[in-house]
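Throughout, a chain's letter reflects where its sequence line sits, starting with A, and its residues are numbered from 1.
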Amino acid sequence: MTRITIPVGPQHPLLKEPLSVRLTAEGERVVEAAMRIGYVHRGIERLTEERSYVQNLHLLERVCGICSHVHTTTYCQGVEALLELDVPPRGLMLRTLLCELERIHSHLLWLGVLAENIGYTTIFMYSWRDREIVLDVMENLSGGRIAHAVNVIGGVRIDLEPEQVDAIRRRLDQLQEQVDDLRDVVEHESTLRARTKGVGGASLEQVRRHCAVGPLARAAGLDRDVRRDAPYAAYDRLSFEVVTEAGGDVWAATRVRVLEVFESLSLCHQILDNLPSGEVSTRAPRRVPEGEIVSRAEAPRGEVVYYIRSDGSDKPARIKIRTPTLPALSLVREQLRDINIADVPPVISGIDLCIACADR
Amino acid sequence: MLITLFVFPGFGFLVTCALLFEWIDRRTIARLQARVGPPWFQPLADLLKLLSKESVLPRQADRPICRALPVVALAAVLTAALYVPVGGRVIYAFEGDLIVVLFLLSLPALFYFLAGWVSGGVYSILGGSRSVLQYFSYEVPFLMALSAPAILTGSWSISEIITQQAEASWMIFVQPVGFLLAVVGLIGKLKRVPFDIPKAKSEVVGGPLTEFSGRKLALWRLGVHIQTVAGVFLLVNVFLGGGDLTLVQGSMPLGLARAVTFGVKALAMLLTLSVTSVLYARLRIDQLASLGWRVLAPLGLVQLAATILMGIS
């Protein structure tokens, strides 16, 4: 059979961010996939060495356009540990609240992207409509829908009034109802299931070999979540389930993410119910003592790792960021072999790409 | 004659209907998806904008064929529409016009394949071959569903089928399964969700029409919308009794009453199509083929056999 090469990207309706996948196909079957990344490399790691610790907050918030808050959270945690600062509990709680809101927003966004890529426009529209509620809440909290600039070294810069807490609760209850409907559709709609079930299955062994993390790994049955395994921020004071599924296909990944939205909603309510009183931040010195540290956090797509080395000045000597998308990309390359061309969109969207994170 | 050909129920009427149907369709889908949807003149604006834009083709495309294809496809569906009665009015009618309409309405699938083949893009070729694969899945049940009424009435003339329905009962009540098959077939023919496989943008970008732009694309799109009109009118005529007046008997002058009933039925048919396209995700081509050959075609055969047996007894 003659082979044809189908370019997917760097510009393609399937992709929201530039990535190049060259598929070699025989008829409607993909036999080989080659990838090129780096189209949105901005040299952020190098740029951090030119800026002070405070300036870096604003730079690192822009590593990712979806999970902006978790990047500054990881960074602040690392710097705070180097400074041996005690962040006030109210500050940690509010930081966690934003983390969970961001997870809901990211998962709903992902569900929409997946639905659109399998031609299910209605679910795309519904899940993005519901996502607006989270964006509104985040805007109400911080003034920003996507880039919140909430974290500062030593705490957060926002505080909540009691009436704000009630307003957020009401909005989240409304969201819960709407997401309930979405869950019904995801669990019972036959065409959605036909397009995702058994598609792009990753085995536990594959997940381990490629070091995949986050919902992608949990969908294959890997029970790992930094929030529970190495609690940071206020997670040690909150209770939640780590959602896992078996099979590792797009269907399992969808279920993991939809169920995680409910866990996150419950976490948000716990935070709002148990908000400690007091300050939200402490003053941090400009210079950071010499030393190095690794800081971890669970982003919506999985574990984010920051390595920070300080030489005692007010600028970091080196910052290395490891984001969840890069190992996912190497896994997806394996999944793109011997599948139907029509299964390429669910497989590629199933891993929840964040090219901006991966390229930095 | 010229007026029937160019104004009503000819070209002018069909284009107006096509734009109106497109608007109703888009608006309904938008409302169901919690969006606002386009204003009423949007389809016309889209058409005029595309007509006035530059038309670019890749170097390896076969220019004359690419230029001719959209015109020929449009001509085919327009001709098909000429033989479909609208509320009792028809331009041409003869014994066997149902076969002509079915043939002309199935031509665009072939033109899509050709368009994909000659326009010289990898997505176009993939989309074009999908168009033909899809054709084999929906066309057989569609043809079987539409021949059953003809066999039952003993005539291949659409007008005759309408007359006989008015005397007995609408085909949708006699052959509900056939009607269902015809609707599913029509969705496949019009490449609507969940059968929009040849133009699935996340898989094959624009499908067979990827390389077309400007005036050519405008004509392609107009062709699809007129095909929608012709398909909806055809099903209304064959299964819903056309301009049959059982609903509003005696309340209006005859001609107006026929037009109104026909319009209401066509609208109901169109809304069925719109609502269906909101409900589902796009199927894969092999899933469509197995649906077509394992479910729809056997159902069509049973329907056809039952019809023939009914005719004998």
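Contacts of Val199(A) with chain B are made by side-chain atoms alone, with heavy-atom separations under 4.5 Å and no backbone atom involved. Residue contact with chain A, scored on non-hydrogen atoms closer than 4.5 Å, involves the side chain of Ile285(B) exclusively. Residue contact with chain B, scored on non-hydrogen atoms closer than 4.5 Å, involves the backbone and the side chain of Ile118(A) alike. Looking at Val122(B), the atoms closer than 4.5 Å to chain A (heavy atoms on both sides) all sit in the side chain, from C-beta outward. Within the 4.5 angstrom heavy-atom criterion, only side-chain atoms of Val193(B), from C-beta onward, approach chain A. Within the 4.5 angstrom heavy-atom criterion, atoms from both the backbone and the side chain of Ala34(B) approach chain A.
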Do chain A and chain B have donor-acceptor pairs under 3.5 Å, and which are they?
| unit_1 | atom_1 | unit_2 | atom_2 | d |
| --- | --- | --- | --- | --- |
| Pro7(A) | O | Tyr123(B) | OH | 2.2 |
| Glu28(A) | OE1 | Arg130(B) | NH2 | 3.3 |
| Glu28(A) | OE2 | Arg130(B) | NE | 2.8 |
| Glu116(A) | OE2 | Lys201(B) | NZ | 2.9 |
| Asn117(A) | O | Ser202(B) | OG | 2.6 |
| Ile118(A) | O | Arg282(B) | N | 3.0 |
| Tyr120(A) | OH | Leu279(B) | O | 2.8 |
| Thr122(A) | OG1 | Gln33(B) | NE2 | 3.2 |
| Thr122(A) | OG1 | Val278(B) | O | 2.5 |
| Tyr126(A) | OH | Leu32(B) | O | 2.5 |
| Thr191(A) | OG1 | Ala281(B) | N | 3.0 |
| Ala194(A) | O | Gln287(B) | NE2 | 3.0 |
| Arg195(A) | NH1 | Arg282(B) | O | 2.8 |
| Arg195(A) | NH2 | Glu203(B) | OE2 | 3.3 |
| Asp343(A) | OD1 | Arg284(B) | NH1 | 2.9 |
| Asp343(A) | OD2 | Arg284(B) | NH1 | 3.2 |

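Take Phe239(B) and apply the ring pair (Phe, Tyr, Trp, His ring centres under 6.0 Å) test, not counting sequence neighbours, and it matches Phe179(B). Checked against side-chain hydrogen bond (donor to acceptor under 3.5 Å, both in side chains), Ser106(A) has no partners two or more places apart in sequence or in another chain. By the salt bridge (charged side-chain N to carboxylate O under 4.0 Å, His left out) test, Arg218(A) pairs with Asp225(A), Glu260(A), Glu298(A), sequence neighbours left out.
Residues Leu126(B) and Ile6(A) are in side-chain contact: their nearest non-hydrogen atoms beyond the backbone lie under 4.5 Å apart.
To the nearest 0.5 angstrom, Met125(A) atom CE is 10.5 Å from Ile29(B) atom CD1.
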